[in-house]
Amino acid sequence: MSPQQKLNDSNRPEPFPTASNGGSSSTVESPFEIKIGKKLVARPDNGALTEIFTMTLGTESIDLVPLKNWTQLDTFKWRPRCILPRIPAGLEISWDHLKVAGETVSPWDPEACEKLERAFNEWLALERKTVELTQAKTRAATLEAPALLSDEDAVYFKLDLSGAAQPRLQYFEGSQNVKTVALNVAGLSAMVEQGFMRKPNTLKVGALNNWIELDGELFRFKDDPEAALALEKALNERYLAIGQPDAPPDVTVSANPASPSGFDIQFPATPLGVVENRKRHLNEETIQLLQDPERCRVLRTGITARFAPPDLVFKIKTANGGEQPLEPGADSTVSVASEDGQNKSLPLSQPVSLLNRGVAELNAIFNHPAVNRRARLSQRARAKASA
C-alpha cells in the first residue's frame, strides 16, 4: 500500500452500524459505506415540518439541506480530506427531490434512503476505481523514463532592433525566449508586472521610439550601436528582477479559514492575457494555473504540481510524456521551522499533506529551489557570487 493510500485510509471515518432511515429503530446494518437517513426540519420559508435526507460516513453525519451546494454541505471537509475523491456527481437538492449520479428520489418515496445509498455508493466505487486506474497508468508511463527538468542557468534581456518602427525587448532563460515586448512604457510595465524586471524610479520613452531614459540616464539606442549595447548592459545589470542573489520570493501563502484547503496563495500569472498578482484560494483550479507554463512562469521548467486533497504533489516531466517523483535527497527537501517552533524536514519527492501545516511551511515549499524558478536562479546567483 502506498503512503498516499495509507494516509487516505487513516483519515477515512470507520463505518458503523446504522439504520438506513434515521427515523427507524431497525438494527439492520447497511452494506454500504455511505449511509442515508432522514430527519424532520422546519422549512425556513413557511415553518412547515418536512423531511430532509442525511448523509453519514463513519461517525460523521451531514444534513443534505435543500438549495445548498456541496461546499456549504461538506461541514466535515470530506472532499479536502480526500475521504471522497470528488464532489458527488450531479448533486441537486430541493424540498421535493434529491438528484445524484443520475438517480432522482422524492423524500416521500418509502424506498428513498435505499435508492440514494445505492446511487451514492455506486458513484463512490466508480470514482475510486477511476483514481486507481489513473495512478496505475501514471506509474507505468514513468518507469525508467528520463526526467526533463531544465536548469535555467542564465536569464538576461536582449534588445531586438530588427523592426525599424518598433524596437523590442526580449527576456531569455538560457536559450528560451520567454517573453518579448515593445520597448515602450506599456511593454516595460508588462515586464515589471510579470516579475521579470525591477521597476525603475523614473521611465521616459521617445515618441519616435528612438531613445529611452531610465532613472535619469538617457540611451539614444536607435542610431548608436554603443548606446544600444549600454542600454542592454544596464537592463541586465540593474533591472533584471530574477537571477539575482537578493531576488524576492514570488509566491505568498496566507491562512484563510474560508478556503477549502484553509489557505490562500498569491503569485504572478496571466490567466486572461493580463498580468495578475492576486490572492486565490489554494485549490485544484489554482494549482492548475500555477503549473501552466503558458499562463504562469513560477515553477521551474519540467516541474508539475498537483493538489489531490489533502496532498500537494510535485513531479518532473519525463521524455515519454509521463511524470516521475523528484529525486530524493537534500536538494529536494524543505527544512523549515514550523509555527510551533519545531524544525521540520519535508521531502518534496513524496506527497506533502496540508493537514496540520502552517503558513511558514507552505511558503517554504512553494519558494523552494527544487520547484521554484526564481528561488533556483537566486540560489545559483548566490553560489556564483560566493565562489
Side-chain angles (χ1 to χ4, degrees), residues 147-163 166-200 203 205 212 214 221 228-229 231-252 265-278 286-305 314-317 319 323 366-384:
L148 292 181
L149 184 61
S150 171
D151 285 332
E152 303 86 355
D153 289 331
V155 294
Y156 55 93
F157 291 121
K158 184 176 181 181
L159 285 180
D160 179 7
L161 303 179
S162 60
Q166 180 61 70
R168 298 183 297 175
L169 180 64
Q170 299 171 321
Y171 170 78
F172 280 84
E173 291 178 358
S175 60
Q176 183 182 8
N177 184 350
V178 174
K179 189 172 184 65
T180 299
V181 299
L183 191 59
N184 55 28
V185 174
L188 295 180
S189 296
M191 285 285 190
V192 171
E193 289 172 358
Q194 201 156 343
F196 299 138
M197 180 177 173
R198 297 179 189 270
K199 184 178 181 180
L203 170 63
V205 178
I212 185 171
L214 295 169
F221 57 84
L229 290 174
L231 172 58
E232 192 171 276
K233 181 179 179 181
L235 287 168
N236 283 298
E237 291 183 350
R238 302 202 297 268
Y239 298 99
L240 195 64
I242 60 178
Q244 303 297 322
D246 60 344
D250 54 359
V251 180
T252 302
I265 185 170
Q266 183 173 350
F267 54 86
T270 54
L272 300 174
V274 178
V275 178
E276 298 179 3
N277 194 340
R278 61 178 179 85
T286 299
I287 295 300
Q288 283 292 326
L289 173 61
L290 180 71
Q291 67 147 9
D292 185 339
E294 299 298 323
R295 300 186 295 164
C296 182
R297 297 288 301 176
V298 169
L299 298 183
R300 293 175 61 190
T301 303
I303 292 291
T304 64
F314 293 101
K315 290 189 177 182
I316 310 171
K317 292 181 180 179
E323 298 174 350
F366 282 105
N367 290 291
H368 193 272
V371 297
N372 184 286
R373 291 173 48 255
R374 185 184 294 258
R376 175 63 171 174
L377 291 167
S378 296
Q379 180 189 56
R380 291 232 169 167
R382 286 191 297 270
K384 184 177 180 179

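In this text, all values refer to a predicted model and were calculated from it rather than measured experimentally.
What you find for R238 and R198 is that their closest heavy atoms are O-CD, 3.4 Å. Heavy-atom minimum distance, A370 versus I303: O-CD1, 3.7 Å. Nearest heavy-atom pair, V298 versus V251, reported as atom, atom and distance to 0.1 Å: CG1-CG2, 3.5 Å. The shortest heavy-atom contact between A228 and L159 is O-CD1, 3.4 Å.
D250 places no side-chain N or O within donor-acceptor distance of the main-chain N or O of F267, the cut-off being under 3.5 Å. Between the Q291 side chain and the A305 main chain, a donor and an acceptor come within less than 3.5 Å of each other. With hydrogens and angles ignored, the 3.5 Å screen pairs no side-chain donor or acceptor of D292 with any backbone N or O of Q288. Proximity of a side-chain donor or acceptor of T304 to a complementary backbone N or O of I316 within less than 3.5 Å is not detected.
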For this session: Tell me, with the steps shown, if L183 and V205 meet side-chain contact (heavy atoms from CB on, under 4.5 Å).
Result: CA-CA 8 Å; L183 191 59; V205 178; over 6 Å; no
Problem set entry | Full working for side-chain contact (heavy atoms from CB on, under 4.5 Å) between Y239 and M191 | CA-CA 10 Å; Y239 298 99; M191 285 285 190; over 6 Å; no
Problem set entry | N184 vs Q166, side-chain contact (heavy atoms from CB on, under 4.5 Å): CA-CA, chis, key distance, verdict | CA-CA 9 Å; N184 55 28; Q166 180 61 70; 3.9 Å; yes
For this session: Under the side-chain hydrogen bond (donor to acceptor under 3.5 Å, both in side chains) rule, what do R376 and Q379 come out as? Steps first, then yes or no, please.
Result: CA-CA 5 Å; R376 175 63 171 174; Q379 180 189 56; 3.0 Å; yes
Exercise. Could you walk me through whether V181 and Y171 pass the side-chain contact (heavy atoms from CB on, under 4.5 Å) check?
Worked result: CA-CA 9 Å; V181 299; Y171 170 78; over 6 Å; no
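The shortest side-chain heavy-atom distance between L169 and T180 does not fall under the 4.5 Å cut-off.
Of the inter-residue distances, the one linking L240 atom CG with M197 atom CE reads 9.5 Å to the nearest 0.5 angstrom. Atom CZ of F172 is separated from atom CG of N236 by 11.0 Å, given to the nearest 0.5 angstrom. From E232, atom CD reaches atom CG of D160 across 10.0 Å, with rounding to the nearest 0.5 Å. Of the inter-residue distances, the one linking N177 atom CG with Q170 atom CD reads 4.5 Å to the nearest 0.5 angstrom. Distance check, rounded to the nearest 0.5 Å: NZ of K179 to CZ of F157 gives 11.0 Å. Here the OG1 atom belonging to T252 is positioned 8.5 Å from the CD1 atom belonging to I265, to the nearest 0.5 angstrom.
Under the ring-ring contact (aromatic ring centres under 6.0 Å, His included) criterion, F366 pairs with no residue at all, not counting sequence neighbours. Legend: residues meeting salt bridge (charged side-chain N to carboxylate O under 4.0 Å, His left out) with E276, ordered by chain and number and at least two apart, are R278, R280.
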